[in-house]
Structure formats: structure tokens, C-alpha cells
Number of protein chains: 2
Amino acid sequence: MDMLTLALEPESSTPLYEQLYLHIRQAIVDDTLTTGAKLPSKRKLSDFIDVSQTTVELAYAQLLAEGYIESVPRKGFYVLPQEELYVRRSDNPIKPLPQKKTYTFDVYPSQIDTTAFPFERWRRHLKQVVTEENRDLLALGSVQGDLVLRQEIATYLYHSRGVSCSPEQIIVGSGTEQLLPQLLDLLTDAKTFGIEDPGYPLTKQLFEHQNRHYVPIPVDESGLVVDRLETERIDAVYVTPAHQFPTGTILSVSRRQRLLNWALEHQTYIIEDDYDSEFRYSGKPIPSLQSMDQNERVIYLSTFSKSLMPSLRIGYMVLPPQLLNRYRERYRHFTCSVPRFEQHTLAEFMANGDFEKHLNRMRKTYRRKLEIVTAAFKPYEPTVSITGASAGLHIILSINVPHSTETLQHMAESSGIRIKAMEDYYIRPQHLHPQFLFGFAALSEAVLPIAVARLMSCWNVTKGGTSTD
Amino acid sequence: MDMLTLALEPESSTPLYEQLYLHIRQAIVDDTLTTGAKLPSKRKLSDFIDVSQTTVELAYAQLLAEGYIESVPRKGFYVLPQEELYVRRSDNPIKPLPQKKTYTFDVYPSQIDTTAFPFERWRRHLKQVVTEENRDLLALGSVQGDLVLRQEIATYLYHSRGVSCSPEQIIVGSGTEQLLPQLLDLLTDAKTFGIEDPGYPLTKQLFEHQNRHYVPIPVDESGLVVDRLETERIDAVYVTPAHQFPTGTILSVSRRQRLLNWALEHQTYIIEDDYDSEFRYSGKPIPSLQSMDQNERVIYLSTFSKSLMPSLRIGYMVLPPQLLNRYRERYRHFTCSVPRFEQHTLAEFMANGDFEKHLNRMRKTYRRKLEIVTAAFKPYEPTVSITGASAGLHIILSINVPHSTETLQHMAESSGIRIKAMEDYYIRPQHLHPQFLFGFAALSEAVLPIAVARLMSCWNVTKGGTSTD
């Protein structure tokens, strides 16, 4: 080591020991201090460069800890062998993300109305949860989610969906994306899953990510064509009975009966995704499939994404006893992915009746928007006809014009409208009359008729119902 | 339908239409109304039972929606066929969860000190984030986590860990449990993973859950035995270089160099888990492996579980460009599992310097506790010797008494002490001298010496270092 050039700067913000450490490290890396070289003793070095012995000690300790030198008892400190670091600069540029287009009117079906969220109430519950008295909430809670939240969910499910379950059957997680893979992992015996076609694209993707085999099962005006489960030799099925996504059909009672009998006969499971059952605008809510099941064959799955906010990332599933036992065996060392502060805030929000109030308010809000939209499309009948208008946050437009779906979509985009075609939801390509999903939740009551008019005008659909094109 | 028994109760809280619906539904289910039976016209029925036509309309609409009846245009409403629901009561009781024992002293290594969390500051940021102005946060954000948080993490990583990355390389998720499976999914080419032995049990479990093959690689006083990667034909490796869990060893600089060269040569990846690097009590922090890597071969993984709270469920990984591109392709339709309110609260907490302040405070707290614990064990040397005391939230006790690990653990439990044996972290069973992890984070400064004394007494270790047993 070139002790002569070793000039430490006492005024520097870098501590002296660190300057010394860096100096010696550099000498080792540069091979000025070669393998096996002996470092001066702490006393000698501290004398020589006029620093305290502690400074040298700290520097040597750091070099020791990182493995640059070794300490040989009663002999001293020696430089350890280094390996040359090879550099082969690879050229892997980060691909830029596709530019997000901005649209004047976004009627994609995934959105909610964010203007009516009760921020003040949510903040109040947050404030009560995030306190020194609740410091236990900093530690890990139950892997299934905290009991207080599961109790609220069980009560809610019983009253609003007829779902009969104990809180211990509930697993709280960060939505379907996180819960469905866990569930598939429990359904080890099922080799072939049936999923709805058309259906929610993420479902298909989750099955693919988990390398699980699925077969698309068609959906007609009575919902999933249950008879196909036998002919396609399906082992387990994923279904949205109350409000099929995206068609909006309700699984008829006879199909439900057949489906439940099928599951009993094959001793298998039905995954019921009840994703937006809160929003039905006429009559009573459609009962959940789970409420009809007396044989522990239905796994009930739902989320707060539509009812509260997509960004909350809280969903849950209700497991029949046999699967619950399997879950507990397989996941007992895991952790619930939902933050506990958030779990308890939601539990408070539900316990205080704020959730129910919010749902009632949103149901009114969405019903009003639905009425506005259907009224706005009315004059364009029969070129445009509407289905799926009894529930959920979107309607389906069937368009009778001499253009392809692709052309219509392109026309809408050119006019600043982001709209999703029904075709996109099919797994098996269909030759359909053009159909589109019109999500009415996010746009305001004032804007909705303007959006409808713009869409009709860009598609050259005129009132009275004939296309001018 | 037995119209004569049909008595609606106008005073009931159940709406009239629902009473009528329930009555007819029951008749269909009971087969009193058989398949193909024609229902009375709406007008006729409303006249007969003296309710408004709307009431009948609503009841029929609900029956129609659920598929109990069909409407034949210009003819009327007909009962649809029902299928009998079979019931085969299966007896699958829910297995009770093992009773959680309570311990007087819990020195498991997974815990943190919860008494010093800055609740007031956290609440303040929460209050600023959860506001009407931020209603956009109710909708979904970036799948990688919101940019504002990724920017804060990138800055923090650069300054505290020397990690050089852009915010776009960061993926925010609900901790290692959620991020590691995603990562394994990207590392499709790697057939055999090397993982540290001993190591964090969850790592092993995550590989098993994902059906990925791993080989345990031994750890010695210089950390992972890197040479074994070649002999065991490892394709990719998972390592904790700064503070090996649970041994506390630091991966020496020459091993780091060899490891990086190995990854470059095989064009593969090193997963660096930097899980508790914030807490080092002497000298400078040990540099991250990522900071030494110039060939985009290191995936950096860390979490806020130790530095803030386990129940926050926020972790992150830094992907090299090639993997980032693959991630974006594979996960572009997915959603970040961390709630956005929480992401923004943490970002504010970091931006305002609160995170750094908290870390400094906790480092002091933990250093003081470490000193108390080492001082408390001192009189029991050499029967008890301590290692791993320069970093982290636990130390390792090596016990030289004529008892097996199992016996010692049992003795501790009988005395109300929950303590984890080193043996439990080995994948390949070892015949070790008894070693235990003593987590000192959760107990108070006053309680720590009492816990140590109780442990020593239950193991019959006396001061002066000889066992009386």
C-alpha cells in the first residue's frame, strides 16, 4: 500500500475510517495490494497516518466483514485473493411501453363511478384503526385475513346473497388474480376446467399462467350451456351465474339444478364468481348458486372492486369444508396479502353500516345512469338494440349496420371513444353481428347522452334507426 | 296454483310482489304448478287477488329472470321444467386449527419492535392521500405499482444500497410471497435453482408450490459456497448476500466476484434477497450484490416488512431490462396487488424523510437491544457463545451442554419461551451442536435480560459458563 499518498481529509463528510477503508479497498481491487500482502498492524498504521487506533480498527473490521482481508491470529491481517470481474456489456434496452391514448369518452366496462365514494367516512375509520392502541396490527395476522373482517363478510353474504358460511370458511386476498391461483392449486384432481365463452379475459389468462387446461363452454340466453360439461368431459367449472360476464345473462334455475347435480355426481367443484351481484336494478337480487347448494360443491368468489373501488385490492372466497382443510394444510405458513390496516378499516366500514349505505347510493346512481343511457339509445332503435340492462355496470349494444366490428371500433376510436367489442371476449372466434359493451359507470349523467350521440354519429346511425351509410 | 290459499300480507315488510313471487316459486318447486302449466294473465291475477297489475308484473319478471317460467309471445306465461336437486349430505367437518400456545417470552426471529412506529406521521400522510382530490386513486393504477412510489424506492435504493436502477425497472408487490412466483414464472429457462441451506423456509415452499426444482447449496462462514453451483449444475440461484438468513454471514467479496462471473458465463440470473439490510450495527452497510453487477445478471428483491411492519405487505423487485421486457409482456393485463392508497401513503412517508428518520431510530433501538442481549449472555460464556451479532434482528446461540436440540427446545417451551432452533432451517438434515436463533426485536429492553436469565436457568446453564446438569 502506498502509504505516502494516503492523505485522509478530516474535514470531509465521509468518516475517517470509511476514507481509510475505501483507500485500502481500492488498492486491493487495483492489485496494488496483492494477494497475501500483510497489512500494517493497527498501532503502526494509526501512528503513521496520525489517526486514532479505533479508526484503523473500524476500517479493518469493514474489510474483514466484506472479505477483502483475513485475520490470522497472533500474526496480523492479510489480503485475500480477488477474482477479476468480467464485464460483457449486453445491449438489452427497455422496450418503451405503448403510449396510452387519451379518449374523450371512455366506456370500457371495467370502470366505476368514483365521484360518490364516501372519503370522509373512510378517513374516519382509517383514523380510528391506525392508532397506537392497535400496534398489534403491525405484526402479521391470520393467513385467511383477520377474523373481524371475515365476520363482517359472512354477515353481509348471508343477508345480501343468501350465502351460508362461517367466517372460518372465508379466505381474504388481493382479488381474483391472487385467489384463483391458490384455488386452482387446491383443485389438484381437476385436469380439465370449463370456463365460460365469452368470458372475463383474465380468467383464461390465470388458467394459462398456472398451466391448467381449460375448455371454453358456450353461453346462451339461459347462461352456461351446462350439458356441455358432460360432453366435454369437464372436471371442474368456473361460472358467473348471477350476471354472466360479459353477456349479462342469468343462469336459469333448471340449469343451476343440473349444474349442482353434475357437481354432486362427479364429486367436483363449481367456482361461482359473483363479481358484481350488488348492482341489479329491477326486482330482487338473483340468488347465489352457493345458496342453493346443499352438498358443499360450490366455491363462492367475490370482490370489493366494483362495490367500493378497484384499487382496494380486496376479494374473498368461501371454501367448502374439505377444501378449507386442504387450504389450511397447504397455506398455513403463508401470509394474507391484504394490509391489516386496510382489512380493519373495511371491517369498520361494514360494521357501521357505511358499506350498505354506499351500496344503496351507488345502486341509485347507476340505475339513473342506466336510464339515461337506454333513453339516449332509444331513438336509434332498431339499428341499435340494447340487452343486459337489468344489472351491472355495462349494457350490450347490437349494431345493425353494414360495417364490420373492426371498422366500427376504428370509427369510434377516431372519434375519441374507447369502446370494447363483444368479439374480444370470445375464446373461440365467432362470426357475430357487431356487438359492443357500453360501460356507463364512469361518465357523468351530463356526459353520457353526449357520448351516446357522438358514438351514433361516428357510426352514421341516425335517429329513426336507419343508417345513412 | 291454488289461488284460494294465496293470501298476501300488505302489512308485511316483504313487498307484495316478492310475496307473490315466493308463493309461485314454491308452487313450482313443490310441483303443485307442473311443467307446462299456464299462469293466469297479469290482468286476471291482479283482479283476482286484488293487487295492482305492476305487482304481478314484477313477480312474473323475477320468475322469468330466474328461469322458472317462460313467456310465449301472444300466448302467456308457462312453467318451465325443473330438475330435482339431489342431496347427499357429505360429512366433511372443518378440522379445528391447532390451539395457539401463549408464551411468556417469544424470541422467534420474525418479529419487529412495534412500539416505535410513528403512527402520528403515518396517519398524517394517510389523511393527505385519502381525499376527494385523489379520487383517481380509486381506479386501477400501473401493474408495476404507481410511479410516485417507484421513484421513491429507486432513490432510496441508490443512496442506501448502491442499487442503480430506473423506477421503470421496479415491480411493487405484496412481498416475496407474491413477487417470487411471478419472478420464477419469468425465469422459464432455469430448470434447477440453487437455494441456500440453511435458509428461509418460505423460499423453499414457494419453489415447491410453483413445482420448480431446487438444490440446497451449503453456506459456510463466507456465505454461499459458490463453487457448488458448477458441480450441482445450477441454472439460477437465490441468495441473501448482505446478511445470510439465518446464519448472518456475509457473502465475501471473492465469492461475490465468482458468483457474478458465473452468472455472466452461464447467461443466467442471481436473485438477491436483501431482506433486512437496513439493520447493520457496526461499520458501513454491506454493499448490495446488484451494485457490483455490470452485466444485468442480478435481480434485486426486498421488502418493507422489517423496516416498517410485516403487515404492510409491500415488497419490490428490480428487474434487469431483459426480464422487465418479459414481465411487461406476460403481466400487462394484471393488476398491482398493493392498494393504491397505501402505495401513495408510503411514497409520501418516504418523500418527507419520515422513512429515513424511522430507520435511524429503529437502528438505534435495535442496537441498544442487541447490546443488552449480548451483555446478558456474556456471563454464560463459553457454554453459550453468540454469533451473527453485527446485523439483523436476531443472534445465534451455540449451546455446549449435554442435551439435544429437541430437549433444549422442549425445556424452553416448558418455561414459557418460544425459541427457534437452527436445525429447523436446514433442508438437508445436519448433526449440529445445538444452535438457536434468539430474536431480540420484539421484547422490551427491560424484559430482554429476564428472558435471557429464564432461558439460561431452564437450560441449567449457570454463570461462569458450566452447566450444572
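Below, each value reflects all heavy atoms present in this structure, side chains not excepted, and no hydrogens, waters or symmetry copies. Note on naming: letters A, B, ... go to the chains in the order of the sequence lines (proteins, then strands), and numbering restarts at 1 for each one. Remember, predicted model here, so these are calculated numbers, not experimental data.
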Within-4.5 Å side-chain heavy-atom neighbours: [X] and [Y]:
{"X": "B/Glu66", "Y": "A/Arg256", "answer": "no"}
{"X": "B/Gln294", "Y": "A/Tyr86", "answer": "no"}
{"X": "A/Arg88", "Y": "B/Gln267", "answer": "yes"}
{"X": "A/Arg330", "Y": "B/His209", "answer": "yes"}
{"X": "B/Phe117", "Y": "A/Leu137", "answer": "no"}
{"X": "A/Glu342", "Y": "B/Arg313", "answer": "no"}

Using heavy-atom distances under 4.5 Å, tell me whether [X] contacts chain A through its side chain, its backbone, both, or neither.
{"X": "B/Ile28", "value": "neither"}
{"X": "B/Tyr17", "value": "side chain"}
{"X": "B/Ser282", "value": "backbone"}
{"X": "B/Asn325", "value": "side chain"}
{"X": "B/Arg328", "value": "side chain"}
{"X": "B/Ile94", "value": "both"}
{"X": "B/Pro285", "value": "backbone"}
{"X": "B/Pro93", "value": "backbone"}
{"X": "B/Val129", "value": "neither"}

On a heavy-atom basis, which atom in [X] and which in [Y] lie closest, and how many Å separate them?
{"X": "B/Leu126", "Y": "A/Val130", "answer": "CD1-CG2, 3.7 Å"}
{"X": "A/Ala65", "Y": "B/Ile286", "answer": "CB-CD1, 4.4 Å"}
{"X": "A/Ala139", "Y": "B/Ser311", "answer": "O-CB, 3.2 Å"}
{"X": "B/Phe334", "Y": "A/Glu177", "answer": "CD2-OE1, 3.3 Å"}

Please flag which part of [X] lies under 4.5 Å from any non-hydrogen atom of chain B: side chain, backbone, both or neither.
{"X": "A/Ala61", "value": "neither"}
{"X": "A/Arg280", "value": "side chain"}
{"X": "A/Gln210", "value": "neither"}
{"X": "A/Phe341", "value": "side chain"}

Apply side chain to side chain donor-acceptor pair (under 3.5 Å) to B/Gln178 and A/Gln178, showing your working.
CA-CA 8 Å; B/Gln178 191 245 334; A/Gln178 191 245 335; over 6 Å; no

Applying salt bridge (charged side-chain N to carboxylate O under 4.0 Å, His left out), which residue pairs with at least one partner in residues 115-130 of chain A are found, sequence neighbours left out?
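Matches after skipping sequence neighbours: A/Glu120-A/Arg124, A/Arg121-A/Asp354, A/Arg123-B/Glu132.
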
Using 0.5 Å steps for rounding, measure from the OG1 atom of A/Thr335 to the CG atom of B/Leu202.
7.0 Å

Check: B/Gln257/A/Glu84 side-chain N/O donor and acceptor closer than 3.5 Å
no

Donor-acceptor pair between B/Ser254 and A/Glu83 side chains, under 3.5 angstrom
no

How would you list, in number order, the residues of residues 140-147 of chain B that have a heavy atom less than 4.5 Å from chain A?
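So far as heavy atoms go, B/Leu140 are the residues that approach chain A to under 4.5 Å.
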
